Amino acid sequence: MAIQMVDLRGQYLRLKDEIDAGIARILDTTQFIRGAELDAFESELSGALDGVGTLGVANGTDALQIAFMALGIGPGDEVITPSFTFVATAEAVGLLGATPVFADIDPATFTIDPDAIAPLITERTKAIVPVHLFGQCADLDPILELACSHDLAVIEDTAQAIGARYKGRAAGTMGGFGTLSFFPSKNLGCYGDGGAVLSPIDDWLAQARLISNHGSRKKYHNEVIGVNSRLDAIQAAILRAKLPHLEAFTAARQAAADRYDALLGDMPQISVPTRADYGTHVFHQYTIRVHGNDPAQRDALMDHLKGHGIPSYVYYPVPLHLLPLYKDDADACRLGDMTHTLQAANEVLSLPMHTELTAAEQEQIADAVRAFFAG
Ligand SMILES: Cc1ncc(COP(=O)(O)O)c(C=O)c1O
C-alpha cells in the first residue's frame, strides 16, 4: 500500500460497523435536517470539550461567518487574523464587508504573535482571530488580555486543533467563540463538509443558532438576516461514531509525531515542530522547516520524496497578505513586517500524518529525507 498523506479509507474500515450503523439509522428515520441526531452530537461534543456550548453548522468557514455575524461585524469594522493560515480565516470577514488585518506569527509555533497584534488595533478593530494552526494553540492568555483591555471579541479558529489544550483548557472554548471544521481530513472528520460554532456564552451561542437557521427560532417567523448552515444529520451520525475515538486518534497522531521527532530531530538541515510548553499539540499536520529561507530547496525535497512515492504538502506557500485577493489592500496589509510569515511560507513542508500511519512507513519517509540531504 502506497504511503498516503491522509488515510481516510483505512480509518473507515477500522470503524466501519459503527459508522455504517449511524448512517443506516438516519436513512431509517429520514430525519435528515437537524433533529435528534444533531442534538445528541452537539451534546456529546460539548461533553468532549469541557462543557462548552456547541452548534453544528455546514462547514468551518460558515462557522467563522456565523460567529462574525453574531457579533454584528460589518462594513467599516476590522478583524485581526494571522497572515499564515488558510484563506477561510479571513474570507468571511470580507464577505460581511469588514476588513481582515494581517499579523505576523511566532516562528516557533506558526501561530499569531501576540506582540504583533497590539500595533494593529484601531478604533475600528472589533475582533481578533487566533488560529490554532497545525494542531497547536496560539498563546492565548496575552491575546485574551489584550482583547479584554480593548473590548474586542476573540474567535478561536480551531479548525485544525480539536482536542488540543492550552494550560489545561480545551482549544476553542476560551474566547467568546470557537469554530471547528469537520472536513474529512481534519482530526475529527466527517464524510463531506461539516463544522461547529462553540461558545461559553449562552446568549452568543443562541444568536449564532438563530443566524445559522435563516434567522428564525420559529419557522416562518424570521427575526434577523441569517444563513442556511446546518450540520447534516448523516454527518452528525458519522461524527457521533467517531467522537468516542477522538482521544485515541489524538494519541496515534502524537505517537507518530514522537516517532518522526526521533527519526528526524538530529538533522541540522531541518527542524521538527516545536511543542510549546503551555499546551498540547494534536498534530493535525507534522510540519518541518527546511532551513535556508529558500522555497526552491524545500520544493526540491518535496520532489525527491515524490520520486520515492512519498507525498508531502506545503501549507501554506502564499501568506494571505500576498494573495492577489489582498495584496493591494492597504488596510489589510498595513503591517509591513511579516518576516516570520514569509520565512515560514518558504520553509514549511508537511509530512504524511494520520491515525493509520505505521512506524515502518515513517522509517521509509525519514530515510528518503536523509537521502536527499546526503545526496
Ligand atoms: C485554519 C482553517 N480555518 C478554517 C477552515 C475552514 O473549514 P472548512 O473547510 O470546513 O470550511 C479550515 C479548513 O479547511 C482551516 O484549516
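Just so it is clear, the structure is predicted and the values come from calculations on it, not from any experiment. Whatever order the structure lists ligands and atoms in, that order sets their numbers, starting from 1. No hydrogens, no waters, no symmetry mates; every other heavy atom, side chains included, goes into these values.
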Candidate pair Arg34 and Glu42, rule salt bridge (charged side-chain N to carboxylate O under 4.0 Å, His left out), full reasoning: CA-CA 11 Å; Arg34 286 227 58 106; Glu42 286 177 352; 3.2 Å; yes

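No side-chain heavy atom of Ser312 sits under 4.5 Å from any side-chain heavy atom of Tyr286. Leu180 places a side-chain heavy atom less than 4.5 Å from the side chain of Leu45.
Ranking protein heavy atoms by distance to atom 14 (O) of ligand 1, first place goes to Lys186 NZ, 3.0 Å. Atom 16 (O) of ligand 1 has as its closest protein heavy atom Gln160 NE2, 2.9 Å. Here the protein heavy atom with the shortest distance to atom 11 (O) of ligand 1 is Thr61 OG1, 2.5 Å.
Atoms of ligand 1 lying under 4.0 Å from any heavy atom of Ala159, numbered from 1 in the order shown and given with element: 2 (C), 3 (N), 4 (C), 5 (C), 12 (C), 15 (C). Taking a cut-off of under 4.0 Å to the non-hydrogen atoms of Asn59, the atoms of ligand 1 that pass are 10 (O), 11 (O). Each of the atoms 4 (C), 5 (C), 6 (C) of ligand 1 lies under 4.0 Å from some heavy atom of Ala88. Set against the non-hydrogen atoms of Val131, the atoms of ligand 1 under 4.0 Å away are 1 (C). Interface atoms of ligand 1 facing Gly60, defined by a heavy-atom separation under 4.0 Å, are 6 (C), 7 (O), 8 (P), 10 (O), 11 (O).
Salt bridge status for Asp7 with Arg14: absent, with no side-chain N to carboxylate O gap under 4.0 Å. Of the charged side-chain nitrogens involved, none lies within less than 4.0 Å of a carboxylate oxygen, so that Arg230 and Asp62 do not count as a salt-bridged pair.
Only side-chain heavy atoms of Asp157 come within less than 4.0 Å of ligand 1; its backbone N, CA, C and O stay farther off.
Between the side chains of Ser212 and Ser229, no donor-acceptor pair is found at a separation under 3.5 Å.
Outside the 6.0 Å centre-distance limit, the rings of Tyr315 and Phe110 are not counted as a close aromatic pair.
Note: an N/O pair closer than 3.5 Å links Ser181 and ligand 1 by distance alone.
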